[in-house]
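Everything below concerns the one structure shown next.
Proteins get letters first, then strands, A, B, ... in listed order; numbering begins at 1 in each.
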Protein chains: 2
Amino acid sequence: MPKQVDHVSRRRLIAEAVCHLADEHGLEGVTLRDVAARAQVSMGAVQRCFRTKEEMLVFTLGHIGERIGERVRARLVRSPAQSAGTALGHAATEISLLREEHRAEARVWLAFVAQAAVNETLATTLRASYAPLQETFTRLIAEAADAEAGSGSDAGADGDGDAGADRAALVDPRREARTLLALVDGLTTHVLIGHLTPPEAQDVLHAHLARLWA
Amino acid sequence: MPKQVDHVSRRRLIAEAVCHLADEHGLEGVTLRDVAARAQVSMGAVQRCFRTKEEMLVFTLGHIGERIGERVRARLVRSPAQSAGTALGHAATEISLLREEHRAEARVWLAFVAQAAVNETLATTLRASYAPLQETFTRLIAEAADAEAGSGSDAGADGDGDAGADRAALVDPRREARTLLALVDGLTTHVLIGHLTPPEAQDVLHAHLARLWA
DNA sequence: GCCGTTCCGATGCGAGCGCATCGGAACGTA
DNA sequence: TACGTTCCGATGCGCTCGCATCGGAACGGC
């Protein structure tokens with residue numbers, strides 16, 4: 001066998017270049033030539049890895065989705081000892097992409113989301129990333145509600161003596177997960193366009209989470 | 001004076017054409033030629049109205065923002081007799097753009113939001129639309145909280161006897177407005193990419209509003 | 001009726017795009 | 001070492017883009 005290259009890692013390398021360019025100039029600023037230049041490979045190499053530009057974009061989107069999902073998972077195993085409620089807060093903070101180092105990722109994500117609204121292939125890829133994310137959040141919320149129902153309230157300020165079980169029955173974990181996911185995406189968007197500052201968004205998110213249990 | 005045309009109405013006509021095209025193929029599918037064809041004018045006419053493409057896009061964005069803001073305002077004056085709480089619900093439903101006839105508007109909006117993340121001019125225009133919207137929601141929430149504090153709870157199911165005043169003090173209207181705005185935008189986005197169905201989003205929104213007062 | 005002004009449709013230009021093509025470099029195998 | 005296979009960098013093609021240009025149509029004032 002003659003020269004052989006690692007296609008997988010090269011595809012990832014190219015996907016990273018796509019991300020950098022999309023972060024700077026939006027998806028419209030992503031051209032095969034610029035991608036090749038940014039990835040330090042030739043255009044021919046890019047064309048070998050991806051038959052068309054769309055194939056490249058779809059792969060990149062999947063790549064980002066995987067990375068974000070992985071980050072949430074990593075964050076969850078990093079803090080397993082604490083309550084499900086705090087774990088939920090950590091996970092939500094993780095996907096809100098508010099920290100400066102993830103701002104670029106958020107911009108790229110937003111660019112793809114907009115494109116997915118008019119491109120079914122991208123939309124499918126995007127949904128494939130959202131589904132497990134929502135699943136994870138649903139589970140976390142259910143666990144947190146169970147924990148709250150089982151023990152007394154740990155951080156509540158008011159003297160409400162009602163059993164948590166009642167509240168757990170009132171909270172629909174799936175609906176709450178959807179709410180949280182949509183809220184986080186909306187906050188991220190508003191930060192990106194400068195309508196909210198990161199601390200303001202953080203404050204909103206924190207308040208929402210706090211109300212979930214209070 | 002020789003031939004004179006109504007520039008204002010022509011600009012609006014062109015803006016509508018931009019919206020139609022952006023709805024179908026995203027902002028990338030908006031070219032001067034296609035816009036001219038869709039608006040049934042020549043390319044020269046488009047170039048006369050807008051010196052550059054960007055100027056056209058900025059105007060279009062402002063146009064949409066104005067239209068949405070106007071719709072909210074119209075909805076509010078149409079149902080003034082009811083409580084501030086229901087008015088809030090109506091306004092939120094209005095900007096969530098979930099109804100089929102507004103889905104196109106939502107897609108265009110999303111396309112512009114994504115572009116605004118990498119284009120300061122668009123971002124400024126966008127913020128100019130969000131600011132009064134948030135202002136309106138802040139006011140509505142404050143009024144609703146006041147009304148709740150003044151009278152007894154009207155729809156609460158639990159037998160909680162706490163005075164509403166305490167709760168009103170706990171609710172920060174501005175923060176709630178930010179939350180609601182972000183949630184609505186997130187829900188709209190998730191509907192557009194097919195992650196949620198309109199009824200699901202409607203359900204989430206309704207539950208969130210209900211919890212605001214309960 | 002001629003003129004001055006405003007408008008616009010058609011056309012051209014340079015640039016940049018995605019994609020196809022191909023000659024040769026690189027490298028394991030015999 | 002000679003060969004066969006895999007890879008890739010360079011180049012070209014056809015196309016579309018935003019924008020500039022310009023000749024003439026439309027129309028009120030003199």
Side-chain angles (χ1 to χ4, degrees), chain A residues 1-61 111-112 114-115 118-122, chain B residues 1-61 111-112 114-115 118-122:
Chain A
M1 285 292 137
K3 184 155 73 164
Q4 204 78 355
V5 298
D6 184 356
H7 272 132
V8 177
S9 71
R10 187 186 291 275
R11 281 162 82 99
R12 289 209 196 107
L13 174 73
I14 292 175
E16 291 295 329
V18 171
C19 289
H20 276 113
L21 290 174
D23 169 40
E24 291 163 11
H25 313 106
L27 266 196
E28 313 199 58
V30 175
T31 71
L32 294 188
R33 284 166 178 81
D34 291 348
V35 168
R38 183 60 107 122
Q40 308 234 46
V41 299
S42 75
M43 245 183 77
V46 176
Q47 288 183 272
R48 178 155 305 273
C49 283
F50 304 104
R51 261 174 315 167
T52 66
K53 185 185 180 180
E54 166 149 9
E55 189 179 311
M56 179 180 75
L57 293 181
V58 169
F59 177 86
T60 302
L61 178 54
F112 272 109
Q115 198 63 18
V118 291
N119 181 327
E120 187 48 36
T121 310
L122 285 178
Chain B
M1 283 296 135
K3 184 155 76 166
Q4 204 78 354
V5 299
D6 183 356
H7 270 133
V8 177
S9 70
R10 188 188 290 278
R11 281 163 83 99
R12 287 210 196 107
L13 174 73
I14 292 175
E16 290 296 328
V18 171
C19 289
H20 276 113
L21 290 173
D23 169 40
E24 291 164 9
H25 312 108
L27 266 196
E28 312 198 62
V30 176
T31 71
L32 294 188
R33 283 164 180 82
D34 290 349
V35 168
R38 183 59 109 120
Q40 308 233 47
V41 299
S42 75
M43 244 183 80
V46 176
Q47 288 183 271
R48 179 153 304 273
C49 284
F50 304 104
R51 264 174 312 167
T52 67
K53 185 185 180 181
E54 167 149 9
E55 188 179 312
M56 179 180 75
L57 293 181
V58 169
F59 176 85
T60 303
L61 179 53
F112 272 108
Q115 198 63 18
V118 291
N119 180 327
E120 186 49 36
T121 309
L122 285 178

Distance (rounded to the nearest 0.5 Å) between [X] [atom1] and [Y] [atom2]:
| X | Y | atom1 | atom2 | answer |
| --- | --- | --- | --- | --- |
| A:Thr60 | A:Phe112 | OG1 | CZ | 5.0 Å |
| B:Leu61 | B:Gln115 | CG | CD | 10.5 Å |
| A:Leu21 | A:Thr31 | CG | OG1 | 7.5 Å |
| B:Asp34 | B:His20 | CG | NE2 | 14.0 Å |
| A:Met56 | A:Leu32 | CE | CG | 5.0 Å |

Nucleic acid contacts - residues 7-26 of chain A versus DNA chain C, non-hydrogen atoms under 4.0 Å
none
From CD of B:Gln40 across to C1' of C:dG9 the rounded distance in Å is 15 Å
Length of the CD-P vector between B:Glu28 and C:dG16, whole Å
18 Å
Collect all protein-nucleotide pairs involving nucleotides 18-22 of chain D in which both atoms are nitrogen or oxygen and the distance is under 3.5 Å.
from, atom 1, to, atom 2, distance (Å)
D:dG18, OP1, B:Lys53, NZ, 2.8
D:dG18, OP2, B:Leu32, N, 3.0
D:dG18, N7, B:Arg33, NH1, 2.8
D:dG18, O6, B:Arg33, NH2, 2.9
D:dC19, OP2, B:Lys53, N, 2.9
D:dA20, N7, B:Gln47, NE2, 3.2
D:dA20, N6, B:Gln47, OE1, 3.3

Return the minimal non-hydrogen interatomic distance between A:Arg11 and A:Phe59, and the atom names on each side.
O-CE2, 3.4 Å
Heavy-atom closest pair (B:Leu27 atom, B:Ala22 atom, distance to 0.1 Å) is CD2-CB, 4.0 Å
Start with the C-alpha distance between A:His7 and A:Arg48, add both sets of side-chain angles, then the distance that settles side-chain contact (heavy atoms from CB on, under 4.5 Å), and finish with yes or no.
CA-CA 9 Å; A:His7 272 132; A:Arg48 178 155 305 273; 4.2 Å; yes
